[in-house]
Amino acid sequence: MTRPHETKGNGQMTDDAHRLNRRSVLTLGAALGAALTTNALAGCATSSGGGTGTGAAGKQAAVTAENPLGVPADKPLETVIFKGGYGDQYVLDAHAVYKQRFPKAEIKHTGGQDLAKQLQPRFVSGDVPDLIDNSGSGSLAFAPLVDNGQLMDLTQLLDAPAIDGGGKTVRDTLLPGLVEQGSFKGKPHVLYYTYTVHGLYYSKSLFAAKGWTYPTTWAEMLDLCAEIKGTGMSPWTYQGKTPSYILTPLIMMAIKAGGAPVRKALDSLAPNSWKQPAVLAAAQALYQLAEKGYVMPGTSGLTHVQAQTYWAKGRAAFIPCGSWLESELGEVTPKGFDMVIASPPSLDKSDALPQSAIRGMGSEGYIVPSAAKNPYGGLELLRILLSPTASKNFTKQTQTLTSLAGYTPEQAGSGLQSIRDALAASGTNTFYWRYGTWYAKLQQEASAATSALMTKEINPDQWAERCQKMADSLRDDPSVPKYEDA
């Protein structure tokens with residue numbers, strides 16, 4: 001939370017990489033498969049396409065049509081799942097299916113939030129779980145785990161038959177770009193389970209009652225903010241203690257203004273990439289919100305829960321967030337609120353991408369540690385989670401899409417429906433970026449700098465200088481592995 005990955009002769013992706021295929025987005029209306037049963041779990045046997053990296057404890061059982069991943073029938077299974085806005089009931093439901101398939105297997109499960117503190121010592125000791133949803137602000141950085149050989153290559157899972165997939169492999173049932181997004185130097189190590197859209201949320205019913213129209217340019221945004229402030233409502237709030245939330249619309253506006261070259265420069269740690277005119281213009285735009293008093297007082301000290309609750313209670317008109325917001329707020333949202341998402345306004349009408357272009361990408365990164373005692377059980381549980389029935393169950397519980405292309409969500413709330421509408425409107429202009437995944441220190445520094453920008457501790461030029469200094473240090477440090485689209 002974004003793309004046919006065509007390559008040129010030199011192996012580099014074309015400018016269409018990082019964009020979604022419009023037809024693939026619209027295939028979310030395809031019919032659901034049958035319910036998960038033992039028969040549905042059976043499929044064609046596949047070869048071990050991916051490296052295992054496992055020791056004796058993680059040995060594979062025989063690969064058969066009924067057990068395409070070679071899961072040992074009596075091996076215990078352990079899962080550690082980020083328990084945020086989506087909860088973890090959907091994983092517990094998948095456990096029940098796994099238990100039906102392997103009744104002798106004991107299953108241990110932990111749901112938590114600050115996963116780095118919990119899991120880092122376990123990666124050091126080698127006593128790791130079999131499947132991890134490594135997500136949230138307290139997650140482990142993926143790149144060091146990959147570089148240290150601590151994550152399995154997921155090729156075998158991707159090449160396995162999909163459950164209720166009509167003969168397709170797991171790879172063939174996923175939305176375009178998901179495999180590439182989780183790949184490092186051409187090998188898939190992370191599989192993103194949800195499909196997340198990022199943008200600005202507002203109350204459709206409130207806007208209708210006030211006669212407000214969502215702005216399509218930044219000039220229109222400033223005019224509307226002045227009108228909103230005049231009513232006594234704050235125009236904006238954001239998740240102050242997690243400033244990556246407010247950094248996201250800044251980068252979105254920059255990429256929409258300058259197109260693929262802006263995104264590529266940021267991802268590649270290019271010299272002056274944070275001083276590009278489009279990036280600096282986006283920083284100047286958000287700075288105007290602080291200068292003009294359009295940000296709710298006290299926002300910088302709010303947790304994500306507090307900021308989102310204040311927004312839902314009508315204290316502010318806009319809040320930046322990903323598509324988990326509807327689920328995370330739950331019953332806090334007043335009836336008839338009708339939250340909807342939209343891409344941030346264009347900086348001006350000369351933007352390279354249309355205003356409707358939105359950030360869409362995989363989220364909730366699932367990994368299987370190389371040292372896991374039952375890595376094939378972890379892969380199998382992930383295969384279960386990627387079935388149509390499990391995806392339908394997840395969306396019913398969370399009002400969020402999974403990365404599976406061919407299923408129809410049910411009971412779509414206003415937020416989820418607006419996400420589907422936004423993706424349809426964005427089409428092949430849907431985009432994402434990867435510098436934050438590849439270079440965690442850069443994401444942390446850019447977020448911290450944006451926090452200071454929004455409280456007027458620094459100005460846009462100082463913000464760009466601070467971000468660029470970190471990008472330069474990472475680029476010039478030979479000990480930092482470098483990544484690029486492949």
Side-chain angles (χ1 to χ4, degrees), residues 12-13 18 114-117 120 123-124 134 136-151 181-186 189-190 240-255 257-258 260-284 286-287 300 359 361 365 431-486:
Q12 295 298 307
M13 290 191 294
H18 292 263
D114 198 346
L115 297 189
K117 288 184 179 180
Q120 196 162 20
F123 271 98
V124 172
N134 181 44
S137 59
S139 60
L140 293 159
F142 287 119
L145 295 175
V146 173
D147 295 331
N148 292 331
Q150 292 175 289
L151 300 184
Q181 188 187 335
S183 295
F184 293 75
K185 298 180 179 178
H189 292 285
V190 182
K241 289 191 174 181
T242 312
S244 58
Y245 281 87
I246 192 64
L247 172 62
T248 296
L250 189 161
I251 302 299
M252 289 179 69
M253 289 192 292
I255 291 175
V262 169
R263 191 264 307 162
K264 290 181 178 180
L266 293 173
D267 281 351
S268 64
L269 305 177
N272 294 318
S273 54
W274 290 84
K275 297 180 180 181
Q276 296 175 92
V279 177
L280 192 55
Q284 290 167 341
L286 286 187
Y287 189 65
S300 63
R359 184 195 194 195
M361 60 187 296
F431 62 92
Y432 67 100
W433 58 89
R434 300 182 71 179
Y435 74 81
T437 301
W438 289 338
Y439 309 105
K441 286 185 178 180
L442 178 56
Q443 173 69 5
Q444 292 164 3
E445 179 63 6
S447 297
T450 306
S451 178
L453 177 75
M454 296 305 293
T455 54
K456 298 185 291 184
E457 298 170 53
I458 59 176
N459 62 37
D461 288 330
Q462 293 168 323
W463 172 88
E465 185 67 35
R466 183 170 165 180
C467 296
Q468 190 60 51
K469 183 178 180 181
M470 176 57 73
D472 290 343
S473 68
L474 293 170
R475 185 186 65 249
D476 297 337
D477 186 345
S479 69
V480 176
K482 307 304 188 295
Y483 297 93
E484 61 183 16
D485 298 329

What's the separation between atom CG in Leu453 and atom CD in Gln462, rounded to the nearest 0.5 Å?
9.5 Å

Are any side-chain N or O atoms of Asp267 and backbone N or O atoms of Arg434, one a donor and one an acceptor, separated by less than 3.5 Å?
yes

So CZ of Phe123 and CG of Leu140: to nearest 0.5 Å the spacing works out to 6.0 Å

Looking only at non-hydrogen atoms, find the nearest pair between Asp461 and Asn459 and report the distance.
N-OD1, 3.1 Å

Tell me whether Asp477 contacts the main-chain N or O of Ser473 through its side chain, where contact means a donor paired with an acceptor under 3.5 Å.
no

Going through the distances and angles, do Asp472 and Arg475 end up as a salt bridge (charged side-chain N to carboxylate O under 4.0 Å, His left out)?
CA-CA 5 Å; Asp472 290 343; Arg475 185 186 65 249; 2.8 Å; yes

How far does CZ of Arg263 sit from CZ of Phe431, to the nearest 0.5 angstrom?
10.5 Å

When rounded to the nearest 0.5 angstrom, what distance separates CG in Asp114 from OG in Ser139?
9.0 Å

From Phe184 atom CZ to Leu145 atom CG, the distance as rounded to the nearest 0.5 Å:
9.0 Å

Side chain to side chain contact (heavy atoms under 4.5 Å, CB included) assessment of Gln444 paired with Tyr439:
CA-CA 9 Å; Gln444 292 164 3; Tyr439 309 105; over 6 Å; no

Specify whether Trp274 and Tyr435 have parallel, tilted or perpendicular ring planes, treating 30° as the upper limit for parallel and 60° as the lower limit for perpendicular.
perpendicular

Residues at least two apart in sequence or cross-chain that pass salt bridge (Lys or Arg N to Asp or Glu O under 4.0 Å) with Glu465, listed by chain then number, are Lys275

Distance-minimising heavy-atom pair for Ala446 and Leu247:
CB-CD2, 3.8 Å

Derivation and outcome, side chain to side chain contact (heavy atoms under 4.5 Å, CB included), residues Ser300 and Met454
CA-CA 8 Å; Ser300 63; Met454 296 305 293; over 6 Å; no

Looking at every non-hydrogen atom in both residues, tell me the closest pair between Ala257 and Ala278 and how far apart they are.
CB-CB, 3.9 Å

Distance, nearest 0.5 Å, that separates CD of Gln276 from CD of Gln468:
8.5 Å

Side chain to side chain contact (heavy atoms under 4.5 Å, CB included), that's the test. Do Trp433 and Ile255 meet it? Break it down for me.
CA-CA 9 Å; Trp433 58 89; Ile255 291 175; 3.4 Å; yes

Got Thr437 and Tyr483 here, is their nearest side-chain heavy-atom distance under 4.5 Å?
no

Strictly distance-based, threshold 3.5 Å: is any side-chain N or O of Thr248 a donor or acceptor partner for the main-chain N or O of Ser244?
yes

Mind listing the closest non-hydrogen atom pair of Ala254 and Ala282 along with its distance?
N-CB, 3.9 Å

Residue pair Trp438, Lys482: steps toward the side chain to side chain contact (heavy atoms under 4.5 Å, CB included) verdict
CA-CA 8 Å; Trp438 289 338; Lys482 307 304 188 295; over 6 Å; no

Within-4.5 Å side-chain heavy-atom neighbours: Lys185 and Val146:
no

Would you find a donor on one side and an acceptor on the other, under 3.5 Å apart, between the side chain of Ser273 and the backbone of Leu269?
no

Nearest heavy-atom pair of Leu115 and Asn134: which atoms, and what distance?
CD1-CA, 4.0 Å

Take atom CD in Gln120; do more than 12 heavy atoms of anything else shown fall under 6.0 Å from it?
no

Ring of Tyr287, cation from Lys456 - is the NZ or CZ under 6.0 Å from the centre and inside 45° of the axis?
no

Mind listing the closest non-hydrogen atom pair of Ala448 and Pro243 along with its distance?
N-CG, 4.4 Å

Check: Met253 and Leu286 side chains under 4.5 Å, non-hydrogen atoms:
yes

